[in-house]
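Some notes on the structure that comes next.
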Amino acid sequence: MNGPSAVQAPVGTHDVLAPDSARWQFLIATFADWARRYDFSLIINPLFEDVAVFNRGIGEASEMATKEMYVFSDRGGRTLALRPEGTASVVRAFVQHRPATPYKAWYVTPAFRYERPQKGRYRQHHQLGVEALGTDDPSLDVEVVSLAWRFYAALGLTRVRLLINSMGHPECRGAYVAVLTDYLAAHEAEICDEHRPTWRTNPLRVLDCKKDACVALTTVGPMLIEHLCHECATHFAQVRSGLAAIGIASELNPRLVRGFDYYTRTTFEFVSDALESAQNAVGGGGRYDTLVEQLGGPPTSGIGFGSGIERLLLVLEAEGVTVPVASLDAFVVDTCDEDATSPLVDELRRAGLSVGRAYDARSMKAQMKAADRSGARYALLVGPREQAAGEVTMRDLRGDQSAGQVTLSRDAVVAHVTDLVKKRL
RNA sequence: GUGGGCGUAGCUCAGUUGGUUAGAGCGCCAGGUUGUGGUCCUGGAGGUCGCGGGUUCGACCCCCGUCGCUCACCCCA
């Protein structure tokens, strides 16, 4: 390597190649299927937005907005940001296009945050999620949560738990924050070293703190769940009973406070007991009944959830879930006539089969080796003998040790192999 | 943003107190078998030992810097 030094992916990003990419396909296809069953349509948003979309959405006081966003100026002087999460863009698109409500959309997208990478945390990670706008019916909260729940189950995960809480709406939360502020002010000396100087900026963050000092303090302090107004308390009760009615166990966690300012009422998080690290959250979400207005739309309720693909893959591995890997149906081995290979391969592919072949006119032994490594079910051999007789030799590569082979006429081979493959499905 | 660990072949890793041409397994290519994979045998290709500087007669090894990877804190998915 005397040429230019090799380039590599930026810090905190990663490439996904086969065979790992098969697990991504499985995740995305499974999620798309469940989103379809729940009547969600696909939405595709830009990866970058006017920075105001995210600032107004996730809150200027949040860590993500202040320290973690990829903000840049384009050549036209616009201040843009790479999306750090999925919700704000969907809501922005809703405000801009005003689809009929209820509007239910699913997405899969990269998300960008400038953080130090570690296990399960990247500067570009990927999320699957849904958003549902246009009603605050608790049945919709139940649907969004259960979609996530059923999706995790469909992946084969058994150790995911649902934590749930209610953030109230702005009025009852505001009243609670006043109570909490008084409480924290009276016990300021007991707050952990990190939050003592900053707790007034966002008192709710103290609830989220994992340090012993803050945990001890807030466990006995006032809880938001106890200060909900009648409407919010009723709504939350309906969500929980709705989940129970379809057999989904939700654990009330009054300390659950998620990182974005836009959340109201129902807030939830899925954690995996299979992950021991601090990155045990595989997904989360909640209701955001003021976000549409903050982005300039009419008063519109919304709820959504997002799940990190990289996190899900960690959990799949931790739980020992294996993912089906598609292999080739056939591999064409041709030592005779390169010009005859392409039509045969083409016919097989048009018949719906996945077909591999060798290149560079390699020896039959080399091509057979390639056929074996490709995982193909059948090898289709065309040598001078078959060529002269108008035949193809079909060899079963995955049968018993004594795999047999048969000779077929060239005209019948495509239909024959197609039948065999379809019978196995 | 803070702190720890690690960078040797495509991959996983050896490499003695600092001493000549840096090794293994797997993978890859070819041959053994001039028409047959998965087992076996033989051979081959592939490395500026992350990069730069320093110490030394001599550095993969020691020192400094740098880049990268990784783990944890923080935050989150």
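Taking A:T267 as the reference, A:M167, A:L256, A:R258, A:Y263 meet the side chain to side chain contact (heavy atoms under 4.5 Å, CB included) condition, with sequence neighbours excluded.
The aromatic rings of A:F112 and A:Y70 sit perpendicular to each other, their planes meeting at more than 60°, with 30° as the lower class boundary. Ring geometry for A:F270 versus A:W149: interplanar angle of 30 to 60°, hence tilted.
Judged purely by atom type and a 3.5 angstrom limit, A:E269 has no side-chain atom pairing as donor or acceptor with the backbone of A:G284.
The A:Q118 side chain lies nearest to B:rC71 when the options are B:rA77, B:rG37, B:rC71. Residue A:K365 has its side chain nearest to B:rG37 when only B:rG35, B:rG37, B:rC76 are considered.
Comparing the P positions of B:rG7 and B:rC13 gives a spacing of 10 Å, expressed to the nearest Å. Here the separation of B:rU55 from B:rG15, taken at their P atoms, is 29 Å to the nearest Å. Taking the C1' atom of each, B:rA9 and B:rC29 are spaced 15 Å apart, rounded to whole Å. Taking atom C1' in both B:rG58 and B:rA22, the straight-line distance is 16 Å, to the nearest Å. The separation of B:rU20 from B:rG37, taken at their C1' atoms, amounts to 44 Å, rounded to a whole angstrom. Nucleotides B:rC60 and B:rU48 have their C1' atoms positioned 12 Å apart, rounded to a whole Å. Between the C1' atoms of B:rC28 and B:rC69, the separation comes to 26 Å (whole Å). Rounded to whole Å, the separation between the P atoms of B:rC71 and B:rG47 comes to 30 Å.
Distance, A:R255 CZ to B:rC76 P: 14 Å, rounded to whole Å. Taking atom CZ of residue A:R362 and atom C1' of nucleotide B:rG35, one finds them 16 Å apart after rounding to whole Å. What separates CD of A:Q8 from C1' of B:rG50 is a distance of 9 Å, to the nearest Å. Summarising the geometry, the separation between CZ on A:R123 and C1' on B:rC69 is reported as 13 Å, rounded to the nearest angstrom.
Using a 4.0 Å heavy-atom criterion, one finds that A:G283 contacts the sugar-phosphate atoms exclusively. Contacts of A:E115 with the nucleic acid, taken as non-hydrogen atoms under 4.0 Å apart, include base atoms. At the heavy-atom level, A:V11 lies under 4.0 Å from the strands shown only through sugar-phosphate atoms.
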Could you give the side-chain donor-acceptor pairs of residues 314-329 of chain A under 3.5 Å, partners two or more places apart or in another chain?
residue: A:E319; atom: OE1; partner: A:T158; partner atom: N; Å: 2.9
residue: A:E319; atom: OE1; partner: A:T158; partner atom: OG1; Å: 2.9
residue: A:E319; atom: OE2; partner: A:T158; partner atom: N; Å: 3.3
residue: A:E319; atom: OE2; partner: A:R159; partner atom: N; Å: 2.9
residue: A:D329; atom: OD2; partner: A:S354; partner atom: N; Å: 2.9
residue: A:D329; atom: OD2; partner: A:S354; partner atom: OG; Å: 3.3

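For A:S89 and A:E49, the side-chain atoms include at least one donor-acceptor pair closer than 3.5 Å.
Comparing A:R121 and A:R373 by the nucleotide of RNA chain B whose heavy atom lies nearest to each, the residue mapping closer to the 5' end is A:R373. Of the two residues contacting RNA chain B, namely A:E386 and A:E68, the nearest-nucleotide position lying further toward the 5' end is that of A:E386.
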| message | Taking Watson-Crick (N1-N3 plus N6-O4 or O6-N4) and G-U wobble (N1-O2, O6-N3), each under 3.5 Å, can you produce the dot-bracket string of RNA chain B? Use [ ] for crossing pairs and | for inter-strand ones. | response | (((((((..((((.....[...)))).(((((.......))))).....(((((..]....))))))))))))....

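A 6.0 Å sphere centred on CZ of A:F48 holds no more than 12 heavy atoms belonging to other residues, nucleotides or ligands.
Between the side chain of A:Q367 and the base of B:rU36, no donor-acceptor pair of N or O atoms lies under 3.5 Å.
Contact annotation: A:R116 side-chain N/O to B:rG3 OP1/OP2 distance is not under 4.0 Å.
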| request: May I have the step-by-step check of side-chain hydrogen bond (donor to acceptor under 3.5 Å, both in side chains) for A:R83 and A:T109, ending in yes or no? | output: CA-CA 9 Å; A:R83 68 194 310 185; A:T109 181; 3.0 Å; yes

